[in-house]
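Single-structure report; data block below.
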Amino acid sequence: MSDQYEYILKTEHVSKRFGTLEVLKDINLSVKKGEVICIIGPSGAGKSTFLRSLNQLEKITSGKIFIRDELFLHRENDHTVDKLPREKQQELLLEMGMVFQRFNLFPHKTVLQNVCEAPVIVKKEKKEEVEERAKELLDRVGLSEKANEYPSRLSGGQQQRVAIARALAMNPEIMLFDEPTSALDPELVGDVLKVMKELAESGMTMLCVTHEMGFAREVADRVLFMADGIIAEEGTPEEIFTNPKAERTRNFLNAVLEA
Amino acid sequence: MKKAELKKHSGKIITAAVIILICIILGILKPGREALMTQTSPEMQKMIDADANSTRKRVTVTYNSLFIINYASLSTSGANVMSERYVGFLGKVYPADEGAMKVVGQMVNYTYRMLGVGENLMHGAKLTITLTTLTVLFGVLLGTLLALGKISKKKILSKLSGAYIFFFRGTPLLIQIFVVYFTVPGIFGFAWRDLFGVNDAEAVYKGAFVAALIAFALNSGAYCAEIVRSAIQSIDKGQFEAAKALGMSYGQTMTRIIIPQSIRRMIPNVSNEFIMVLKDASLVFAISLMDITTVSKNIMTSEGSYLVFIPALVIYLVITAFFGFIFDKIEKKFSVYE
């Protein structure tokens, strides 16, 4: 696999319609390796849908998705025009880890089993090796002593940190975060954000849909403001937070930061 | 079991231990067969002695032992009709030709016959329990396949599974039994007894059992399919998404993530299905098999004993309670993570 690529992830003219509702309209985004991008915006703007369509949890209506400069998927009017062969697609999808708003840990498996499941089952790695790595990851998210607990015994913040460890266990190149702290009690948000911040500092490519403006400001290389299915404004945190150009961005930030 | 758990259940464990202990003591104190036989009147004894040296038996001896209590009936036919009955309980033998002891004796005898203990064939409760257990076991397996078919995105699979379920739920089980037992061999030119050798004296009965099991399992599969389907569809969509995001295939997601979580949700409904099948099992009378209900009805018609249905009800309740307990345990086992 060559590392000679310009963009680790790129979308061109991505649109998504649910029936007559246009959720995404012509989204163009290029992500370089190691970039941390935060997507902010009002609910219903299509932020989550965009993130989910990147790793194929949603099928886009039309547009192109490139991974490592390779055309991963090209669809027009709900028909696939071009795509990589299935195995290659699968391989590239494994490079994307995802963290969900509602954690979605496997409740019938212990914390350690949650983290080990996919590497062993999907990547066919040796169980002992995966377990060792899993323990390191759990240590990294500060939960090594919870390895043998079931998720139901953990707080929301702990569950979310396990979910991050679970995604990292697949050694992805890109991490997608879909509002990872929105379902958490306020006092638990900090621990999760700390883990995400450390991850960003370690050079991970990250796309975060978030309502944590402080986090976006501090950690992001680039902030996208989405509204009504388009990227209304895009820029460095500095530009977006201190000097937003679009009126919508201003209104949104005023509303959010006042609260 | 952990210590704390043991403590929590100590009341129940002690009760169970006491009951078992009492039963064992009653079992030990129960008079043996010899004790019952030596109570007979001199005339009867004479005939028994005479029988011992003759090939032609004139005394019919029935001996039923039900662990804590036993019953013997001796009767002769021909010119000198005699009949004597005895019940043995707690170290004593009671004559059971009249009064309360007669009823007790009958109950022991009926229960014994309905349980089918004395039979080497699948008979009475033995048949009911075996048929029901195997039916639900195969039914759940078949039902899981049908449910996966029904929720499959492949139209043809979904339609076929739907049609199967529609057919088996929409027609009477009794006719399905007839079709499997009579129609299918009729069309394809074989007989169910052919499955067992010509030398097997019980081939007809065994063949009927196989036919019954097939019909019951096919039928139960349709009902279990709906149970499994609703359990699978009750699992949070996020579980599918998480598995997909981790690169798991549909098969891996189903077998490792979704179905294990569905099992706990299926159990109450499978337990219900079990009880339904337990009672439906009486339909096997139609192809000459004898389950609890059929045995009790035969006792009623041949001996005119209207009391026979009381022990029949008790037997059903004991079976239901026992399996209810088992299903409860399975459910708890699958709930550890909640």
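Within every chain, numbering begins at 1; the chains are lettered A, B, ... in the order of the sequence lines, protein sequences first and strands thereafter. Please read these numbers as outputs of a predicted model, since none were measured by experiment.
For chain B, the nearby part of A:Leu105 is the backbone; its heavy atoms alone come within less than 4.5 Å. Proximity to chain B involves both the backbone and the side chain of A:Arg166, based on heavy atoms less than 4.5 angstrom apart. The contact between A:Lys109 and chain B is made entirely by side chain atoms (from C-beta outward), counting heavy-atom distances below 4.5 Å. Looking at B:Arg264, there are no atoms closer than 4.5 Å to chain A (heavy atoms on both sides), in backbone or side chain. Residue contact with chain A, scored on non-hydrogen atoms closer than 4.5 Å, involves the backbone and the side chain of B:Gln239 alike.
Contact record, B:Ala242 with A:Phe106: CB-CE2, 4.1 Å, taken as the closest heavy-atom pair. Counting all heavy atoms, side chain and backbone alike, B:Tyr337 lies closest to A:Ser152 at O-OG, 2.7 Å.
Heavy atoms from other residues, nucleotides or ligands lying under 6.0 Å from CZ of A:Arg102 number 12 at most. A 6.0 Å sphere centred on NZ of B:Lys155 holds no more than 12 heavy atoms belonging to other residues, nucleotides or ligands. The environment of CZ in A:Arg17 is sparse: at most 12 heavy-atom neighbours from other residues, nucleotides or ligands sit within 6.0 Å. Remark: B:Lys279 NZ is loosely packed, at most 12 non-hydrogen atoms of other residues, nucleotides or ligands lying under 6.0 Å away. Other residues, nucleotides and ligands place no more than 12 heavy atoms under 6.0 Å from the NZ atom of A:Lys127. Within 6.0 Å of CZ in B:Phe334 there are 12 or fewer heavy atoms belonging to other residues, nucleotides or ligands. Annotation for B:Tyr250: atom OH counts as buried by contact number, over 12 foreign heavy atoms lying within 6.0 Å. The local environment of CD in A:Glu132 is sparse, with at most 12 non-hydrogen atoms from other residues, nucleotides or ligands closer than 6.0 Å.
Here the CD1-CE distance, from A:Ile121 to B:Met248, works out to 6.5 Å after rounding to the nearest 0.5 Å. We find the CD-CD1 distance between A:Glu117 and B:Ile257 to be 4.5 Å, quoted to the nearest 0.5 Å.
Judged by distance alone, the side chain of B:Glu241 and the main-chain N or O of A:Leu57 form no donor-acceptor pair under 3.5 Å. The main-chain N or O of B:Ile258 is never found under 3.5 Å from a side-chain atom of A:His108 such that the two would form a donor-acceptor pair. Judged by distance alone, with hydrogens and angles left aside, the side-chain atoms of B:Lys244 form a donor-acceptor pair with the main-chain N or O of A:Gln56 at under 3.5 Å. In this structure, the side chain of A:Asn104 engages the main chain of B:Gly238 through a donor-acceptor pair within 3.5 Å. A:Gln90 contributes a side-chain N or O that, together with a main-chain N or O of B:Gly247, makes up a donor-acceptor pair within less than 3.5 Å.
Counting only heavy atoms from C-beta outward, the side chains of B:Leu246 and A:Met98 never approach each other to under 4.5 Å.
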